[in-house]
Each structure stands twice: as C-alpha cells, then as structure tokens.
Novice: 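Got a structure here, written out as structure tokens. Questions coming.
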Amino acid sequence: LWEVSSASKARHFKWEVGYVFWSPDCVESAVIGINGQFPGPTIRAKAGDTIVVELKNSLPTEGVVIHWHGIRQFGTPWADGTASISQCAINPDETFVYRFKVDKAGTHMYHGHYGMQRAGGLYGSLIVEVAEGEEEPFHYDGEFNLLLSDWYHQNIFDQMAGLSSKPFRWIGEPQTLLINGRGQYNCSLEAKMNGSSSACDTSSSSCDVEPVVLPVLPMKTYRLRIASITSLASLNLATGNHKMTVVEADGNYVKPLAVDDMDIYSGESYSVLITTDQNPSSNYWISVGVRGRLPKTQPALAILNYQPNSPSMAMSSRPPTTPAWNDYARSRAFSHKIFSRQGAPPPPQNHHPSVPHRQIALLGTQTRIDGHIRWSINNISLVLPSTPYLVSMRYGLKGAYGAATKPTESLPRGYNVSKPPTNPNSTEGGNVYRLRFNATVDVILQNANALADNVSEIHPWHLHGHDFWVLGYGEGLFGEKDAARFNLKNPPLRNTVVVFPYGWTAIRFVANNPGVWAFHCHIEPHLHMGMGVIFAEGIEHVGKIPDEAVGCGMAGKMWMKPPRVKH
Ligand SMILES: O=C1O[C@H]([C@@H](O)CO)C(O)=C1O
C-alpha cells in the first residue's frame, strides 16, 4: 500500500521541538518552536511522496506528538500523531520517526495534539503539490501561503489550569490574530503605515511590527493558500477590491466560487485565486477579522504589494472590513455555497439515496462533572486513556479503554436545543464508536444551547483519517425528514466542517481506513474540555505498530519482561 513509486520520493526532515523565546505580536513569551523557529518549518512535497520526519522531543518535562492535519494516513494509522489515540506521547529526549505518504495534492497543516500544545505554538504548514507531470485544474502565476492563528499572552499551563478549575476560568478572547506567526498587539498597523508615530508601542527591542507582505505583479493571477490553526477564533478574510475565487477546500477541489470575503474556521484550509486587476500605483490591504464571538481582538492585516511600489508606501484605501461577528446568515450562506468540483464522484448511496449503513447522531452540550464545566457528546465528556486506543485495540487489551460501555448514537426525542440542558450533569468516558469496516457512516452533529441562557456557539469539527462529504446543514433539532434534503449530488469533500449555533450539520464518510481516528471540535479549549469522540474501524487490518508508539499505559507494563535469572 505504501510502496514508493519511481516518480515519487521520500522527503526527510530532522526536527527538534523545544521552547524558544519569541515575540509573535511584540510581546515576548516562551513558545513551542521547531528547530528554533515559530511557526515550524513549512513542509512542501508532491503527491505520492513519502514524508519522513525524525522528531526529537527537547521539551524538558512534557511529552509531544505532531498531527498531520488533512493527511489520511492510509496504512499508517500510528503516524497520525494523536497522543493516547494513535500513539504514546514521545517522552522528553526521545525521538519518534513519522513516516507517511501524502497521496493527493492539497493545502494542509501540522500541529501538536497533546494537551494544549497547539495553542502553545506547535504548528506549521504542510503543502502538497500535484505529482510531477500533473496539473492543477486552474491556472495561476504565483502563490502565497497564509497560515492564520490566534495568540494568547497567558501561557497554556495557566489556560489549562483555568479550564479545569472550580470555579471555571475561561481563557477569554485571544490578544492577537497572527498571519504566518506574526501580528501586532495593541498596534494600529493602518495608522503606522499612514505615518502616525504613536500608532504602535515599539519600545520592546525584539518587537517587529512589520506586516506580512505579498509582492505581486499587475494583471497576474495568484493562488492564496489559507489555513486556520486558531485555538478559538473563527475568522473571516476579506480582500477589498480584489475578488477571490475559492477553488480548494481542505485538500479537495471545489466548484469555483467568487466572493469578496470568506469565513475560515479552525482546522479548515482553502485556496483562492485573485487577479491583480486594480490600479497598480497603490498597494492594498487584506484583513482578517473575528467571526462568531464578540471580538475583542483587532483584525490582522497583510499587504498586497503591487511591484515596483515600496511595501511601506502610504495606503490609499482603508483595510476592508470583515462582516459583523454575529451575521450568521452570511456565514451560513457562504458554507451552503461550497460544492464539489464538477466530475468529483458523489457519495455512496447504497440501496436508497437516504438510507446509509449507519447513522450516528452526536449531540454536543456544555455540561458539568462534579461542578467542573465540560463539553459532552451524548452526555459523555471525552477523557483519553493512558494506553493509546490503537494499541489497546490492536492487541486486545479490552480493559484499557472501557470497551464494555457503548456510547449512544441517537438524539434524545424532543430535545429542546434552544434551552440549557435539563440535565447538565455528564460523565467521563472513552467515547469509542466501533465502525464496521467499509461501512458508509452518516454523522449528524447537533448543536444546542450552552449552560447559560441564550448562548450557543460555533464548533468546527475535524475528522482524522478521512475526508467526508458535507450533506447538509439545518437549524433546530435534526429530524429524519431532514435526511430527504441531503445533497447527494455535489456535496463537498472536506475534513473539517462547522456546526452553527442551535443547528445541525450532516456528513457522510466510508469507514475504509484501518485505524482509530479522533473526531472532535477543533477549538483547542473545547477539545481539552472533552468535546470529541473516537471512531475505530478495520483494526484487524492494522499492520505492525512501531515499538516506539507502544510503550505506555497498560501496553507499557505488559511489554516489560523480567530478565532471565541464572541459578
Ligand atoms: O467553553 C466555553 O466556556 C465559555 C463560556 O461558555 C462559559 O464561561 C465559552 O465562551 C466557551 O466557549
């Protein structure tokens, strides 16, 4: 399955993860870097290549893993980089070799998947170009990569302590939005560019308020690869006078869609094409603003720099404004307009178009356990076991993950999604759904009111190991009649999808990838508070798990053999 064909090649990387002092937004703190860099180095490969990352953990007291977000890991489920799910965390001073194939072109990312290390800065871009001799189904003259993130001044240990405290201490909104790891805290880049000397506090010597600059030539077409790896924020990117045409979402081609601005949720990636058809004597702003939560964070700005203008010349126009944070109608309209590109195979439809092999409904609610605030799915809040699921299932260690308790998979009849839960108490669990190998699975993600009255939040859900078709969205409680309205003709294939407040989102995938796969809200604090489930399929087809992935929890103890004593 993972033989390297003659045209493709192995790309080797040697990485060391460690704390580095960094000033992502002019405020210095310890950030998790790779080879001394934040964000981590960009990986570029071609479809069919094998990526080999030799990862050394130089964090002094923490384990680490890296998840290759968007890569399906066919045949290599142990390389998915999820602590307690696909592998044991790599201990300090130890090295783990990630070896996996990137089978198709796409704009992806990688990031930590242990504790809240992603929010601590452990992330970067992973870009897969089409295979040698192949062509993208659209033309462009050049490309830029925009990795979007949000940044907190409170370190992740304080954040995690707050989330598990009684009373609960919420992390709040991020201080700064970053583009390619750079942002400006408490600083009006716009005012600074227009010559106001008091616009930014540049007293910190390590401060670099320079914006991200995209140098372009007039009358050319550029591909912007845009990915969001935010901890919390939902984003909107606006290009003002330049129309964008969306052509790729999460590594899959989509029906070209022309827009002035676009929403991007954490875990999503897009490619858009822009044509530099504006007056070439000016430069232009690109704005990135917050959606879905009352923003307390300034928009991030980048500059479209028409050559040969100086990148620092005064701007002749204001930055485009992103839509109002709570204009959900606009967000829905955007999501509803993403379709697969013509010619993409439709989802399997089995006997009857609306009858899948299995339907799993997941009701996400905010709940309490012993007074601690948690997020729960069907009233179970995900707590990961000490033995990785992949290991315990492959070796039949049933006691290791609560195999006896099966989570439910239907919605409580008549559940009132517009009110806080009547039973706000939940329990902890391993939340494993075992799927029949090759089954077609529909998942209904149901949103509801949180603990406080009149609050329901956005949750972007990310599936590991698969792409899925987005069959539809709706408001209120999902009902069987809604399945008749599923889009089975041209639903987009994605790996991350948003669930809107008080609404539902339906997806379909084929359980054809032997392994154990996380499916979770991509908001870092929400996952940390239990908002996820585990899908397991085709375990009998999983090959030999590398020894380095196995030595923890129950497996670690069982593998220990006492030395033979000579008498
Ligand atoms: O998980 C969350 O907790 C807070 C709030 O619901 C309780 O303080 C919030 O905004 C979240 O997204």
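All ligand and atom numbering here is 1-based and tracks the order in the structure.
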Novice: Going by the atom numbers of ligand 1, which of them fall below 4.0 Å from some non-hydrogen atom of Glu457?
Specialist: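 Near Glu457, meaning under 4.0 Å from one of its heavy atoms, ligand 1 has 6 (O), 9 (C), 10 (O), 11 (C), 12 (O).
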
Novice: His526 heavy atoms, cut-off 4.0 Å: which ligand 1 atoms fall inside?
Specialist: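 Checking each atom against His526, I get 1 (O), 2 (C), 11 (C), 12 (O).
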
Novice: Can you confirm if the aromatic rings of His67 and His111 lie within a centre distance of less than 6.0 Å?
Specialist: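 Yes, the ring of His111 comes within the 6.0 Å limit of the ring of His67, centre to centre.
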
Novice: Hey, does the Lys NZ or Arg CZ of Arg332 hover above the aromatic six-ring of Tyr473, less than 6.0 Å from the centre and inside 45° of the axis?
Specialist: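 No, Arg332 does not lie over the aromatic ring of Tyr473.
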
Novice: Return the closest protein heavy atom for atom 2 (C) of ligand 1 as residue, atom name and distance.
Specialist: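 So the nearest neighbour among protein heavy atoms is Trp170 CZ3, 3.3 Å.
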
Novice: In the protein, what heavy atom is nearest to atom 1 (O) of ligand 1, and what distance, to one decimal place, separates them?
Specialist: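 Ranking protein heavy atoms by distance from atom 1 (O) of ligand 1, first comes Trp375 NE1, 2.9 Å.
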
Novice: For the residue pair Phe500 and His336, does the interplanar ring angle fall in the parallel (under 30°), tilted (30 to 60°) or perpendicular (over 60°) class?
Specialist: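 Phe500 and His336: perpendicular rings.
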
Novice: Could you tell me whether Gln37 atom CD has more than 12 heavy atoms of other residues or ligands within 6.0 Å of it?
Specialist: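 Correct, the count exceeds 12.
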
Novice: What atoms in ligand 1 come closer than 4.0 Å to a heavy atom of Gln366?
Specialist: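 Here the atoms of ligand 1 in question are 1 (O), 2 (C), 3 (O), 5 (C), 6 (O), 7 (C).
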
Novice: Assess the residue pair Arg293 and Glu457 against the criterion (salt bridge (Lys or Arg N to Asp or Glu O under 4.0 Å)); give the C-alpha distance rounded to whole Å, side-chain angles, the decisive distance to 0.1 Å, and a yes or no.
Specialist: CA-CA 8 Å; Arg293 304 181 68 102; Glu457 299 176 358; 3.4 Å; yes

Novice: Taking the basic N atoms (NZ, or NE/NH1/NH2) and the acidic carboxylate oxygens, is any pair closer than 4.0 Å for Asp25 and Arg182?
Specialist: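 So Asp25 does not pair with Arg182 through a salt bridge.
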
Novice: May I ask you to list the atoms of ligand 1 that are less than 4.0 angstrom from any heavy atom of Phe168?
Specialist: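 Here the atoms of ligand 1 in question are 3 (O), 7 (C), 8 (O).
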
Novice: What's the shortest distance from atom 10 (O) of ligand 1 to any protein heavy atom, and which residue and atom give it?
Specialist: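 Here the closest protein heavy atom is Arg293 NH2, 2.5 Å.
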
